[in-house]
**Student:** 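Encoded as structure tokens, here's the structure I'll be asking about.
On a predicted model such as this, the values are computed, not experimentally measured, just so you know.
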Amino acid sequence: MKDFEYAAPTALADAVGLLEKHGPRAKLLAGGTDIIVQLREGLREADVVVDVKKIPELTELAYAADAGLKLGAATPCYKIYEHPEVAKAYPGLCDAAHIIGGWQIQSRASVGGNLCNSSPAADSVPPLIAYQAVAHIAGPGGTRDVPVAEFCTGPGKNVLQPGEMLVSLSLPPQSTNSGCAYQRFIPRNEMDIAVAGAASWVQLDDAGETIQSARVALAAIAPTPVLAQEAMDFLSGKPASEETFVQAGELAKKAARPISDMRGTDEYRVHLASVLTKRTLAMAVERAKAN
């Protein structure tokens with residue numbers, strides 16, 4: 001690992017100033033579970049590493065039933081699923097936070113960092129998309145908001161411009177009769193990268209029998225996490241039944257544009273997109289009925 005300077009600003013403006021001054025030679029450290037490995041292995045280089053964990057906006061976790069969830073980009077995963085109100089309101093996000101690395105990793109890794117790493121297989125991104133989360137970004141030109149569904153632009157690439165940083169994420173409040181779930185398939189039992197992943201969110205009618213609206217987001221089946229739009233359109237107004245879930249799973253395949261690699265073939269990933277969509281829809285409906 002090459003030598004670099006270390007900075008730990010306590011104000012957002014100071015962090016943005018360091019990014020502007022050093023340009024691409026400045027790297028942010030939130031949890032550090034990715035960037036430290038990349039620097040050590042020579043995959044990235046830095047003149048200065050900017051630790052953002054001392055900036056209040058970056059470690060905020062604020063929840064209110066009528067306002068939703070505000071999540072700082074450096075808030076560690078365990079704080080999400082250990083917060084009882086957040087765990088109840090956003091179980092799909094907790095599904096993902098529980099499986100990002102092992103328990104030790106979850107004490108450091110953050111959902112914001114997982115998003116900024118912008119892997120097509122990132123576990124937290126599909127539930128964020130399903131929940132219609134919004135990314136709040138700060139940079140030399142001020143602040144801007146970007147839907148998480150539009151944040152990733154390619155493998156390891158995203159909308160952040162030079163000098164910009166992700167500050168926080170906001171998730172809208174959840175209504176009754178709604179539910180969400182995330183699942184992935186991995187070759188090993190834990191600490192592995194998804195061969196495919198799916199997050200499903202549903203809003204049921206008052207009787208809990210009909211799907212009023214739904215969102216399905218898929219991971220590791222395209223260059224970026226994607227919405228299964230045809231499956232979503234089909235689900236609107238359909239009965240919350242096993243037959244409906246199976247048909248939606250078949251339609252979810254149409255969003256898949258996978259590659260073959262050491263973890264699985266493209267055909268296998270297409271198949272998994274269908275299976276995981278069906279399973280997460282069933283789980284989301286079950287949670288919605290209990291909500």
Side-chain angles (χ1 to χ4, degrees), residues 61 63 65 67-71 75-101 106 109-115 119-135 147-149 151-152 168-186 194 196-204 208 211-221 224-229 231-232 235 240 245 248-249 252 255 272-273 275-291:
L61 193 160
Y63 170 75
L69 175 63
K70 184 74 172 294
L71 186 65
T75 304
C77 290
Y78 82 94
K79 289 192 174 182
I80 299 171
Y81 59 73
E82 287 191 355
H83 192 297
E85 293 178 303
V86 172
K88 181 180 180 181
Y90 303 97
L93 182 61
C94 292
D95 289 339
H98 265 293
I99 57 175
I100 294 176
Q106 292 159 21
S110 67
V111 168
N114 196 231
L115 174 61
S119 165
D123 287 308
S124 68
V125 182
L128 288 173
I129 293 174
Y131 280 120
Q132 293 187 308
V134 174
V148 171
F151 188 88
C152 300
S168 62
L169 299 158
S170 61
L171 283 69
Q174 298 300 292
S175 59
T176 57
N177 299 323
S178 68
C180 183
Y182 173 75
Q183 288 190 351
R184 70 180 182 186
F185 176 80
I186 55 176
S200 294
W201 176 95
V202 297
Q203 176 69 57
L204 303 181
I211 299 172
Q212 292 184 328
S213 60
R215 290 189 292 276
V216 178
L218 304 172
I221 54 88
T224 66
V226 295
L227 284 166
Q229 192 62 52
M232 292 159 51
L235 286 163
F245 307 152
L272 287 172
V275 171
L276 294 173
T277 295
K278 181 183 71 173
R279 291 178 180 175
T280 54
L281 281 169
M283 186 180 295
V285 166
E286 182 179 346
R287 289 172 171 176
K289 290 180 177 180
N291 191 347

**Student:** Could you tell me whether the side chain of Val216 reaches within less than 4.5 Å of the side chain of Ser200, counting heavy atoms only?
**Tutor:** yes
**Student:** Is any side-chain heavy atom of Leu235 less than 4.5 Å from a side-chain heavy atom of Val202?
**Tutor:** no
**Student:** Could you tell me if the side chain of Tyr63 sits less than 4.5 Å from the side chain of Lys88, heavy atoms only?
**Tutor:** no
**Student:** Heavy atoms only: give me the nearest Thr280-Gln183 pair and the separation to one decimal.
**Tutor:** CG2-N, 3.6 Å
**Student:** Report, one line per pair, each donor and acceptor closer than 3.5 Å where one atom sits in a side chain of residues 121-135; sequence neighbours left out.
**Tutor:**
| from | atom 1 | to | atom 2 | distance (Å) |
| --- | --- | --- | --- | --- |
| Asp123 | OD1 | Tyr182 | OH | 2.6 |
| Asp123 | OD2 | Arg184 | NH1 | 2.6 |
| Ser124 | OG | Asn114 | OD1 | 2.7 |
| Tyr131 | OH | Gly92 | N | 3.0 |
| Gln132 | OE1 | Arg215 | NH1 | 3.3 |

**Student:** Of the non-hydrogen atoms in Ile99 and Gln106, which two are nearest, and what is the gap between them?
**Tutor:** N-NE2, 3.8 Å
**Student:** What I'd like to find out is whether the side chain of Val285 reaches to under 4.5 Å of the side chain of Leu204, using heavy atoms alone.
**Tutor:** yes
**Student:** Hey, could you give me the CG/CD1 distance between Asp95 and Ile80, rounded to the nearest 0.5 Å?
**Tutor:** 12.0 Å
**Student:** More than 12 foreign heavy atoms under 6.0 Å from CZ of Arg287: is that the case here?
**Tutor:** yes
**Student:** Which heavy-atom pair separates Ala273 from Thr277 by the least distance, and what is that distance?
**Tutor:** O-OG1, 2.7 Å
**Student:** Can you tell me how far CG of Leu71 sits from OG of Ser110, rounded to the nearest 0.5 angstrom?
**Tutor:** 8.0 Å
**Student:** So which atom in Gly179 and which in Ala288 form the shortest heavy-atom distance, rounded to 0.1 Å?
**Tutor:** N-CB, 3.6 Å
**Student:** Could you check whether any side-chain N or O of Asn291 sits under 3.5 Å from a backbone N or O of Ser178, counting only pairs where one atom can act as donor and the other as acceptor?
**Tutor:** yes
**Student:** Using every non-hydrogen atom in the two residues, find where Ala196 and Ile221 come nearest and quote the distance to one decimal.
**Tutor:** CB-CG2, 4.0 Å
**Student:** Tell me whether Gln174 contacts the main-chain N or O of Tyr90 through its side chain, where contact means a donor paired with an acceptor under 3.5 Å.
**Tutor:** no
**Student:** Any non-hydrogen side-chain atom of Leu69 less than 4.5 Å from a side-chain atom of Leu93?
**Tutor:** yes
**Student:** May I ask you to check whether over 12 heavy atoms, not counting those of Glu286, lie within 6.0 Å of atom CD?
**Tutor:** no
**Student:** Could you report the tightest heavy-atom contact between Ala97 and Tyr81, atom names first, then the distance?
**Tutor:** O-CE2, 3.7 Å
